[in-house]
**Q** 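Quick one: the structure is below, and I'll ask about it shortly.
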Number of protein chains: 2
Amino acid sequence: MSIKKVHNAHIRALLPELHRSLIDITVIMNQPERDVELLAKAGLSLERALFPLLVLIERFGPIGVVDLAGRVGRDYTTVSRQVARLEELGLVTRRAGSTDKRIREALVTAAGKEATGALDAAREEMAIGMFADWERKDFDDLVRLMRKLVEAMY
Amino acid sequence: MSIKKVHNAHIRALLPELHRSLIDITVIMNQPERDVELLAKAGLSLERALFPLLVLIERFGPIGVVDLAGRVGRDYTTVSRQVARLEELGLVTRRAGSTDKRIREALVTAAGKEATGALDAAREEMAIGMFADWERKDFDDLVRLMRKLVEAMY
DNA sequence: TCCGGATATGTGCATTATGCACATAGGAGT
DNA sequence: ACTCCTATGTGCATAATGCACATATCCGGA
């Protein structure tokens with residue numbers, strides 16, 4: 001079985017479709033309604049702007065302000081204020097960076113973890129339904145190729 | 001070759017990784033720096049909030065305000081204002097809906113298409129480099145499975 | 001056919017979010 | 001030690017936002 005590399009023309013031909021899928025995923029991931037609802041059920045009402053930040057801190061934390069700002073596409077001063085707000089709410093805590101004293105790394109507290117945990121549980125339930133009739137190979141390939149794509153994009 | 005469906009336990013096991021990839025992609029797609037730079041090169045400076053909207057209108061247009069608002073996770077009144085701004089700038093135009101006179105569908109103008117076209121060209125160049133050493137099968141599977149994923153999520 | 005409720009859009013207004021200018025403190029290289 | 005770069009925070013003015021309200025259209029049931 002020979003290994004065939006993908007040609008430029010082929011990439012060009014399929015890129016619009018791939019890009020559309022990326023946009024679609026961004027749209028879905030940027031929609032807060034369901035997640036806000038789940039948080040409300042847990043007695044948590046989070047300001048619109050703070051929500052994505054909590055998710056990112058849980059995912060990428062411990063993380064400094066400038067790094068985090070780069071990931072949400074906001075000025076770092078805005079993000080600094082937002083993290084401070086999350087800290088007030090007890091959802092994240094901050095500590096000095098391990099190698100650089102200027103850095104104030106944010107990481108989720110137990111309360112923050114609980115909030116994102118509720119979202120995780122809901123996502124899991126949804127995923128079970130969603131992938132129920134997928135072939136195992138397709139699912140595994142999706143996971144593998146998505147990771148490969150992300151690594152190629154960074 | 002028997003067709004094996006994916007089991008719940010397997011979905012649960014791989015879901016965190018898949019979710020991480022989804023977050024990573026959202027982060028990358030939400031980063032405006034490179035795109036803003038490209039637009040600037042084309043003599044276009046677009047307000048921060050308007051940019052994602054232009055991309056979505058190009059992708060999903062013709063599209064009404066409420067539908068569009070749902071896709072960006074904003075109040076429809078905000079989006080109505082933003083679309084009005086894009087119209088002032090000549091990047092989109094609006095027309096009455098074909099079946100519903102209440103609807104004001106937005107679609108990109110030639111100027112708007114030109115702007116997004118510059119982004120498309122840059123993306124293409126980047127994609128060629130990115131996928132250069134991918135196997136053709138992997139690339140094709142990625143495109144197919146991403147589309148399949150999006151359809152499952154909607 | 002008519003009416004009431006639902007839905008699409010737009011405007012005013014107060015609040016929230018944001019980025020820029022500036023400041024302080026720490027890091028790294030010469 | 002000095003200089004330049006980088007991380008974070010604060011003040012302030014501006015931009016973006018959502019809610020309350022209004023008008024117009026659509027649709028289903030009586």
Side-chain angles (χ1 to χ4, degrees), chain A residues 30-33 35-37 39-40 44-57 60-89 91-107, chain B residues 30-33 35-37 39-40 44-57 60-89 91-107:
Chain A
N30 278 336
Q31 286 174 341
E33 296 91 18
D35 292 343
V36 170
E37 213 177 289
L39 285 184
L44 239 190
S45 161
L46 204 45
E47 287 136 51
R48 171 74 172 80
L50 298 186
F51 173 74
L53 224 46
L54 179 63
V55 172
L56 285 199
I57 292 168
F60 295 108
I63 186 166
V65 170
V66 172
D67 195 352
L68 194 50
R71 291 167 198 258
V72 294
R74 292 296 173 201
D75 191 83
Y76 72 88
T77 57
T78 299
V79 171
S80 177
R81 259 180 293 251
Q82 288 171 336
V83 174
R85 181 77 185 114
L86 283 172
E87 192 174 28
E88 280 171 28
L89 294 171
L91 296 175
V92 312
T93 188
R94 286 193 280 183
R95 67 189 191 193
S98 38
T99 57
D100 186 334
K101 287 201 173 66
R102 297 171 306 180
I103 294 195
R104 303 269 285 140
E105 295 178 338
L107 59 160
Chain B
N30 279 337
Q31 284 176 341
E33 295 93 13
D35 292 342
V36 170
E37 213 177 287
L39 284 184
L44 240 188
S45 160
L46 205 45
E47 289 142 48
R48 170 74 173 82
L50 299 185
F51 172 74
L53 224 46
L54 180 62
V55 171
L56 287 199
I57 292 170
F60 294 109
I63 187 167
V65 170
V66 172
D67 195 352
L68 194 50
R71 291 168 199 256
V72 292
R74 292 293 173 200
D75 192 84
Y76 71 89
T77 58
T78 300
V79 171
S80 177
R81 261 180 291 249
Q82 289 172 333
V83 174
R85 181 78 184 115
L86 282 173
E87 193 175 24
E88 278 171 32
L89 294 171
L91 297 175
V92 312
T93 187
R94 288 193 278 183
R95 65 190 193 195
S98 34
T99 56
D100 186 335
K101 287 199 173 67
R102 296 171 303 179
I103 294 195
R104 301 268 286 140
E105 295 178 337
L107 58 159

**Q** On DNA chain C, check which nucleotide each of A/K101 and A/V79 is closest to and give me the residue with the more 5' one.
**A** A/V79
**Q** Where the side chain of B/D75 is defined as all heavy atoms beyond and including C-beta, which of D/dC19, C/dG26, C/dA17 is the nearest nucleotide?
**A** D/dC19
**Q** For B/Q82 and D/dA15, is the shortest distance between a side-chain N/O and OP1 or OP2 below 4.0 Å?
**A** no
**Q** Nearest whole Å is fine: how far is C/dA8 C1' from B/R95 CZ?
**A** 16 Å
**Q** Which value, rounded to the nearest 0.5 Å, describes the distance between B/L107 atom CG and B/F60 atom CZ?
**A**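 Nearest 0.5 Å value for the CG-CZ distance: 15.0 Å.
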**Q** Sequence neighbours left out, what passes side chain to side chain donor-acceptor pair (under 3.5 Å) with B/T77? Give chain and number order.
**A**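 In terms of side chain to side chain donor-acceptor pair (under 3.5 Å), with neighbours along the sequence ignored, B/T77 is linked to B/D75.
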**Q** Holding to side chain to side chain contact (heavy atoms under 4.5 Å, CB included), I want the full list of residues that pass it with B/R85, two or more places apart in sequence or in another chain.
**A** B/E47, B/L50, B/E88, B/L89
**Q** Report for the helix from C/dT1-D/dA30 to C/dT30-D/dA1: angle between first-end and last-end helix axes, five pairs each, rounded to 10 degrees.
**A** 40°
**Q** Got a list of protein N/O to nucleotides 8-10 of chain D N/O distances below 3.5 Å?
**A**
from  : atom 1 : to     : atom 2 : distance (Å)
D/dT8 : OP1    : A/V65  : N      : 3.1
D/dT8 : OP1    : A/R104 : N      : 3.0
D/dT8 : OP2    : A/V65  : N      : 3.1
D/dT8 : OP2    : A/V66  : N      : 2.7
D/dT8 : O4     : A/Y76  : OH     : 2.8
D/dG9 : OP1    : A/R94  : NH1    : 3.1
D/dG9 : OP1    : A/R104 : NE     : 3.4
D/dG9 : OP2    : A/S80  : OG     : 2.4
D/dG9 : OP2    : A/R94  : NH1    : 3.1
D/dG9 : O6     : A/Y76  : OH     : 3.1

**Q** Please name all residues satisfying side chain to side chain donor-acceptor pair (under 3.5 Å) with A/R71, sequence neighbours left out, ordered by chain then number.
**A**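 For A/R71, the residues satisfying side chain to side chain donor-acceptor pair (under 3.5 Å) (neighbours in sequence not counted) are A/D67.
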**Q** Report yes if at least one side-chain N or O of A/T78 is closer than 4.0 Å to OP1 or OP2 of C/dA17; otherwise report no.
**A** no
**Q** Evaluate the criterion side chain to side chain contact (heavy atoms under 4.5 Å, CB included) for residue pair A/L46 and A/L91; output intermediate values, then yes/no.
**A** CA-CA 10 Å; A/L46 204 45; A/L91 296 175; 3.8 Å; yes
**Q** May I have the distance from B/D100 (atom CG) to C/dT9 (atom P), rounded to whole angstrom?
**A**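 These atoms are roughly 8 Å apart.
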**Q** Using the test side chain to side chain donor-acceptor pair (under 3.5 Å), find all partners of B/R94 that sit at least two apart in sequence or belong to another chain.
**A** B/E87
**Q** Would you please name every residue forming a side chain to side chain contact (heavy atoms under 4.5 Å, CB included) with A/V79, sequence neighbours left out?
**A**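 Partners of A/V79 under the side chain to side chain contact (heavy atoms under 4.5 Å, CB included) test: A/L53, A/V65, A/L68, A/A69, A/V72, A/R74, A/Q82, A/V83.
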**Q** Can you list the steps and then say if B/I103 with B/V66 is a side chain to side chain contact (heavy atoms under 4.5 Å, CB included)?
**A** CA-CA 9 Å; B/I103 294 195; B/V66 172; over 6 Å; no
**Q** Is there side-chain contact between A/S80 and A/R104, with at least one heavy-atom pair below 4.5 Å?
**A** no
**Q** Just the rounded figure in Å: distance from P of C/dA17 to CG of A/L53.
**A**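 After rounding, the gap between these two atoms is 12 Å.
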**Q** In whole angstrom, give the distance that lies between atom CD of B/E47 and atom C1' of C/dA17.
**A**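 After rounding, the reported distance stands at 15 Å.
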